[in-house]
Amino acid sequence: SALREWMGARGHSAAVAVGWWGKLKTATQMVALLLLLLACPGKLTALQPWGLGLLYAAAVLACTSASGYVATAWPLMAPKSLGIS
């Protein structure tokens with residue numbers, strides 16, 4: 001999100017628009033946290049493994065989403081395109 005905001009400030013917001021990987025990551029993260037909050041503290045319930053598994057999946061999706069943003073923004077972050085000689 002910081003990369004998207006920074007690119008938007010430079011007039012390239014369309015190049016790094018929110019993608020489906022990011023939306024899927026956010027949804028997975030929300031469900032994971034909900035399951036972990038519903039699990040009984042101190043007891044291993046059926047919700048905890050599912051919540052942790054989804055949280056790890058959200059971490060993988062975050063890396064996938066971030067790599068897509070960086071790959072798109074990298075050519076626009078080159079010193080020449082930023083006006084640096």
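These numbers come from the heavy atoms of this one structure, side chains and all, not from hydrogens, waters or symmetry mates. Worth saying up front: this structure is predicted, and the values here are computed from it rather than measured.
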Spacing of OG1 belonging to Thr45 relative to CD belonging to Gln48, to within rounding of 0.5 Å: 4.5 Å

When you measure from the side chain of Tyr56 to the backbone of Gly51, do you find a donor-acceptor pair of N or O atoms at a distance under 3.5 Å? no

Quick one: does any side-chain atom of Ser65 pair with a main-chain N or O of Leu61 as donor and acceptor, under 3.5 Å? no

Would you indicate whether the side-chain heavy atoms of Lys25 and Thr28 approach each other to under 4.5 Å? no

What about Trp50 and Val31, same hydrophobic cluster or not, with Ile/Leu/Val/Met/Phe/Trp/Tyr joined at side-chain heavy-atom distances under 4.5 Å? yes

Is there a side-chain contact between Leu36 and Leu47 (heavy atoms, below 4.5 Å)? no

Out of curiosity, does Leu34 fall in the hydrophobic cluster containing Leu54 (side-chain heavy atoms, cut-off under 4.5 Å, transitive links)? yes

Cluster check Leu24, Val60: I/L/V/M/F/W/Y, side chain < 4.5 angstrom: no

